[in-house]
> 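Have a look at the structure that comes next, please.
Keep in mind that the numbers below use all heavy atoms, side chains included, and drop hydrogens, waters and symmetry copies.
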Amino acid sequence: QVQLVESGGGLVQPGGSLRLSCATSGFTLNGYAIGWFRQAPGKEREGVSCLSGNDDSTYYADSVRGRFTISRDDAKSTVYLQMNSLNPEDTAIYYCGIDYVGSDDYCPLAHWWYDYWGQGTQVTVSS
């Protein structure tokens, strides 16, 4: 059974950092893309970053490139999102999701491709 469990959210001041974790079980990353998405109140879910399980290629939304870093630890079956230089516009519920891509070496940043989701973790950036 596929499970994704996010953690690491919280309240942080502008300019601060957080590291989100997505603990996975029930599958291996080979053949899957795993992505981080966020959804603010009244807004559509948007892609933040994703990682290809086949070749570790990574992609970032323009709004976070240079500030956020996605990474994986296979020994812990966990994918991380390191978020630096946070600003109030980053406030949202952050979700991780997986998309089966087979042998393709890519990951989409469009949420409609993703099949399984975690429950989300709240990130609030405020002084």
Side-chain angles (χ1 to χ4, degrees):
Q1 182 181 358
V2 172
Q3 282 194 316
L4 306 170
V5 179
E6 302 95 334
S7 62
L11 173 64
V12 63
Q13 292 187 340
S17 298
L18 283 174
R19 188 178 77 160
L20 305 184
S21 299
C22 175
T24 72
S25 60
F27 69 103
T28 60
L29 273 179
N30 288 345
Y32 286 87
I34 187 161
W36 283 99
F37 296 78
R38 65 187 181 188
Q39 189 164 16
K43 294 189 176 182
E44 187 176 357
R45 188 170 296 190
E46 65 168 339
V48 173
S49 179
C50 64
L51 179 149
S52 166
N54 290 332
D55 69 350
D56 281 342
S57 54
T58 57
Y59 300 86
Y60 297 92
D62 289 344
S63 58
V64 307
R65 188 175 293 113
R67 300 188 297 125
F68 291 11
T69 303
I70 190 170
S71 62
R72 64 192 278 186
D73 183 337
D74 288 348
K76 297 182 178 179
S77 299
T78 299
V79 176
Y80 302 99
L81 185 69
Q82 177 66 44
M83 306 188 297
N84 299 328
S85 302
L86 286 162
N87 59 63
E89 289 70 37
D90 296 316
T91 295
I93 300 174
Y94 283 70
Y95 300 89
C96 62
I98 60 168
D99 170 35
Y100 180 72
V101 296
S103 59
D104 292 336
D105 297 330
Y106 81 105
C107 60
L109 274 179
H111 64 86
W112 53 82
W113 286 105
Y114 286 72
D115 307 307
Y116 296 92
W117 297 92
Q119 82 290 349
T121 185
Q122 176 71 48
V123 171
T124 303
V125 184
S126 175
S127 56

> Specify the closest pair of heavy atoms between Ser85 and Ser17, including all atoms of both residues, with the distance to one decimal.
N-OG, 4.3 Å
> For residues Asp56 and Leu51, determine if any side-chain heavy atom of one lies less than 4.5 Å from a side-chain heavy atom of the other.
yes
> Just checking, Arg19 and Tyr80: is the charged tip under 6.0 Å from the six-membered ring centre and within 45° of the axis?
yes
> Find the distance between OH (Tyr100) and CZ (Phe27) and round it off to the nearest 0.5 Å.
13.0 Å
> When rounded to the nearest 0.5 angstrom, what distance separates OG1 in Thr121 from CG in Leu18?
8.5 Å
> Considering only heavy atoms from C-beta outward, does the side chain of Cys107 approach that of Tyr114 to under 4.5 Å?
yes
> Got a second to check how far Thr69's OG1 is from Met83's CE, nearest 0.5 Å?
11.0 Å
> Measuring from Asp74:CG to Asn30:CG, what's the distance to the nearest 0.5 Å?
7.5 Å
> Are there more than 12 heavy atoms of other residues, nucleotides or ligands under 6.0 Å from atom CH2 of Trp117?
yes
> Is Tyr94 close to Glu6 at the side-chain level, that is, under 4.5 Å between some pair of heavy atoms?
no
> Contact between Cys96 and Val79 at the side-chain level, heavy atoms closer than 4.5 Å - yes or no?
no
> Quick check: is Trp113 connected to Tyr95 through a chain of hydrophobic side chains (ILVMFWY, heavy atoms under 4.5 Å apart)?
yes
> With a 4.5 Å limit on heavy-atom distance, are the side chains of Thr24 and Leu29 in contact?
no
> Would a line drawn from the ring center of Phe68 to the ring center of Trp36 be shorter than 6.0 Å?
no
> What closest approach, in Å, do Ile70 and Thr58 show between heavy atoms, and which atom pair accounts for it?
CG2-CG2, 3.5 Å
> Ignoring hydrogens and angles, tell me if any N or O in the side chain of Ser52 forms a donor-acceptor pair with the backbone of Asn54 under 3.5 Å.
yes
> Checking the side chain of Asn87 only, and the main-chain atoms of Val125 only, is there a donor and an acceptor separated by less than 3.5 Å?
no
> Determine yes or no for a side-chain-to-main-chain donor-acceptor pair under 3.5 angstrom, with Asp55 supplying the side chain and Ser57 the backbone.
yes
> Please report the closest heavy-atom contact between Tyr60 and Arg65, naming both atoms and the distance.
O-NH2, 2.6 Å
> Quick one: pull up OG in Ser49 and CD1 in Ile34 and give me the separation to the nearest 0.5 Å.
10.5 Å
> Within a radius of less than 6.0 Å around OH of Tyr116, do more than 12 heavy atoms belonging to other residues, nucleotides or ligands occur?
no
> Of Ile93, Asp90, Thr91, Val123, which meets side-chain contact (heavy atoms from CB on, under 4.5 Å) against Arg38?
Asp90
> If you compare all heavy atoms of Cys50 against all heavy atoms of Pro108, which two are closest, and at what distance to 0.1 Å?
SG-O, 3.7 Å
> Just verifying a value: how many Å separate Thr78 OG1 and Leu20 CG, rounded to the nearest 0.5 Å?
12.5 Å
> Does the Ser21 side chain pair with the main chain of Ser7, one donor and one acceptor, at a distance under 3.5 Å?
no
